[in-house]
Asks: 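Okay, here's the structure, questions in a sec.
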Amino acid sequence: MGTVELPVVVGVDGSDAASDALDWAAELAGRRGLPLRVVHASLWERYEGYVAGTAADRPAERLHSEAVLATAAERAGRRVPALKVMTDLAADDAVTALLRAGQSAEALVVGSRGRGEFASLLLGSVGLGIAARAQCPVVVVRGRPENVHGGMNRVVVGIAERERRSEREPVPPSAAVAFALREARLRGGELEAVHAWRCAGPEDHGARENHRAPQDHTARENHGAREDHTARENHRAREDHARRAAELLDETLGGATAAGLPPVPVAHRPVEGSARKALLDASAHADLLVVGARRRQGHFGMQLGLVNHAVLHHAKCPVAVVPVS
């Protein structure tokens, strides 16, 4: 039996943000040689029901839904000629419909905002709900036009400390790294791996207990010696953190290009500071930012984390959230 081709799924609602997501999803499906499934959710279908008939018999809500799907399918076909496009009018709310579609999808693509009175929010409830719970990679299409349209020739992936393994054998790339690597390869661009690290400063070790300068000569000498010792310790600690960060990137990406496929230029970028700032800064020169999101079995809440929340709301480029078991 052949391998089943899972489609790329995109949610549409007729908004400009959904059109951007549709274009992005069509190109993703085209690069990967997969079909595109376009989903439009309409709660009216559930509550009112529908009996097939002539156009004159169809309520306005049904005609609108059909028009949204038809327009989207035509647009995707123009964007990527020869792309196989399927449409699906789901009788449910958008989050439920797309999560269900994502159960058998290569990836799920949504816009950063939808229609309605809350369209000015940084990230719509649909995109956030799907990114937090889907079992397949979710791409939220957001950011500046030059980043959305692929003008940077770079994919960025965030590497978390928890992905590090204790074994010395080569570590297979995580799901997030594999997704980012494949996108960089298909785009013919560079992969930039970012790992942020922090080194505790004197304020983290209670070194601020005495801000006043010692009054006598001996006390001043002792105080100065302690400060010199603290500075040396901090310098050694910072060098140690930087070394471990570089080792983590080497370990995580060491086997990423050893699969008999064309090599991808990989840039390792350990950054001292917060992961939030490091990834947001990196997003400014990327076509796609990829982050992992741990999914806990039996946990049905929002499973994203603070850093992922931040990049979904503020990144300058599309963000892919890849589930990690």
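We use all heavy atoms of the structure for the numbers below, so side chains are in, but hydrogens, waters and symmetry mates are not. This chain uses plain numbering: 1 for the first residue, then up along the sequence.
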Asks: Would you kindly check if the NZ (Lys) or CZ (Arg) of Arg31 is within the cone defined by 45 degrees around the ring axis of Trp24 and under 6.0 Å from the six-membered ring centre?
Replies: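 Yes, Arg31 sits over the ring of Trp24.
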Asks: Work out which heavy atom in Asn153 is nearest to a heavy atom in Arg187; give both atom names and the distance.
Replies: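 Shortest heavy-atom separation between Asn153 and Arg187 comes out as OD1-O, 4.0 Å.
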Asks: Where do Met152 and Arg144 come nearest, in terms of heavy atoms and distance?
Replies: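 Heavy-atom minimum between the residues: CE-NH2, 4.3 Å.
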Asks: Heavy atoms, side chains only, cut-off 4.5 Å: are Leu69 and Val12 in contact?
Replies: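 Yes. Closest side-chain heavy atoms under 4.5 Å.
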Asks: If I compare all heavy atoms of Asp287 with all of Glu146, which pair ends up nearest, and what's the gap?
Replies: OD1-O, 4.4 Å
Asks: Decide yes or no for Val8 and Arg37: does some side-chain heavy atom of the first lie under 4.5 Å from some side-chain heavy atom of the second?
Replies: no
Asks: Distance-only, no hydrogens or angles: does the Asp93 side chain make a donor-acceptor pair with backbone N or O of Ala41 under 3.5 Å?
Replies: no
Asks: Would you indicate whether the side-chain heavy atoms of Val68 and Asp13 approach each other to under 4.5 Å?
Replies: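 Contact flag for Asp13/Val68 side chains = no.
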Asks: How long is the span from the CG atom in Leu191 to the NE2 atom in His268, to the nearest 0.5 Å?
Replies: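 Between Leu191 CG and His268 NE2, I get 8.0 Å after rounding to 0.5 Å.
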Asks: With rounding to the nearest 0.5 angstrom, report the CD to CG distance, Glu106 to Leu28.
Replies: 7.5 Å
Asks: Assess the residue pair Arg32 and Glu183 against the criterion (salt bridge (Lys or Arg N to Asp or Glu O under 4.0 Å)); give the C-alpha distance rounded to whole Å, side-chain angles, the decisive distance to 0.1 Å, and a yes or no.
Replies: CA-CA 9 Å; Arg32 299 197 174 201; Glu183 269 303 289; 3.4 Å; yes
Asks: Can you find a pair of side-chain heavy atoms, one from Val194 and one from Val271, that are under 4.5 Å apart?
Replies: yes
Asks: Under a 3.5 Å distance rule, please check whether His195 uses its side chain to pair with a backbone N or O of Pro270 as donor and acceptor.
Replies: no
Asks: Keeping the roles fixed (side chain from Thr96, backbone from Asp92), state whether a donor-acceptor pair exists under 3.5 Å.
Replies: no
Asks: Using the rule given for side-chain contact (heavy atoms from CB on, under 4.5 Å), can you reason through Val291 versus Leu279, listing the C-alpha separation, both sets of side-chain angles and the distance that settles it, and then say yes or no?
Replies: CA-CA 9 Å; Val291 292; Leu279 292 175; 4.1 Å; yes
Asks: Could you tell me whether the side chains of Ser19 and Asp16 share a donor-acceptor contact shorter than 3.5 Å?
Replies: no
Asks: What I'd like to find out is whether the side chain of Pro35 reaches to under 4.5 Å of the side chain of Leu83, using heavy atoms alone.
Replies: no
Asks: For the residue pair Ser174 and Val177, establish whether any side-chain heavy-atom pair is separated by less than 4.5 Å.
Replies: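 Yes; the side chains approach each other to less than 4.5 Å.
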Asks: Run the side-chain contact (heavy atoms from CB on, under 4.5 Å) test on Val10 and Val39 for me, step by step, so that the C-alpha distance in whole Å, both residues' side-chain angles and the decisive distance to 0.1 Å come before the verdict.
Replies: CA-CA 6 Å; Val10 60; Val39 177; over 6 Å; no
Asks: Would you find a donor on one side and an acceptor on the other, under 3.5 Å apart, between the side chain of Thr87 and the backbone of Val38?
Replies: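 Pair absent, no side-chain N/O of Thr87 close to backbone of Val38.
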Asks: Going from CG on Leu6 to OG on Ser104, what distance comes out if it is rounded to the nearest 0.5 angstrom?
Replies: 6.5 Å
Asks: Any pair with a residue in residues 148-160 that passes salt bridge (Lys or Arg N to Asp or Glu O under 4.0 Å), sequence neighbours left out, goes on the list, sorted by first then second residue, please.
Replies: Arg154-Glu190, Arg154-Glu192
Asks: Please give me the minimum heavy-atom distance between Ala315 and Leu289, naming the atom from each residue.
Replies: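 Distance-wise, the nearest heavy atoms are CB-CD2, 4.5 Å.
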Asks: For Val290 and Ala180, which heavy atoms make the closest approach, and how far apart are they?
Replies: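 The pair with the smallest heavy-atom distance is CG2-CB, 3.7 Å.
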Asks: Can you tell me how far NE2 of His313 sits from CG of Leu128, rounded to the nearest 0.5 angstrom?
Replies: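 One gets 5.5 Å once the value is rounded to the nearest 0.5 Å.
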Asks: To the nearest 0.5 Å, what is the distance between OG on Ser274 and CG on Leu306?
Replies: 11.5 Å
Asks: Is there a donor-acceptor pair under 3.5 Å between the side chain of His309 and the backbone N or O of Gly305?
Replies: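 No; zero donor-acceptor contacts below 3.5 Å.
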Asks: Compare every heavy atom of Val264 with every heavy atom of Ala184, then report the nearest pair and how far apart it is.
Replies: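 Answer, listing the atom of Ala184 first, then Val264: CB-CG1, 3.8 Å.
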Asks: Let me confirm one number: the CG-NE2 distance from Asp88 to His40, rounded to the nearest 0.5 Å.
Replies: 11.0 Å
Asks: Within a strict 4.5 Å, meaning less than it, do heavy atoms of the Arg79 and Leu22 side chains meet?
Replies: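 Contact flag for Arg79/Leu22 side chains = no.
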Asks: Determine whether Leu186 and Leu36 fall in the same hydrophobic cluster, where Ile, Leu, Val, Met, Phe, Trp and Tyr are linked whenever their side-chain heavy atoms lie under 4.5 Å apart.
Replies: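 Hydrophobic grouping puts Leu186 apart from Leu36.
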Asks: Walk me through whether Ser42 and Leu89 qualify under side-chain contact (heavy atoms from CB on, under 4.5 Å).
Replies: CA-CA 7 Å; Ser42 172; Leu89 178 53; 4.0 Å; yes
Asks: Side chains of Val148 and Val141: closer than 4.5 Å at any heavy-atom pair?
Replies: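 Heavy-atom side-chain distance check passes, below 4.5 Å.
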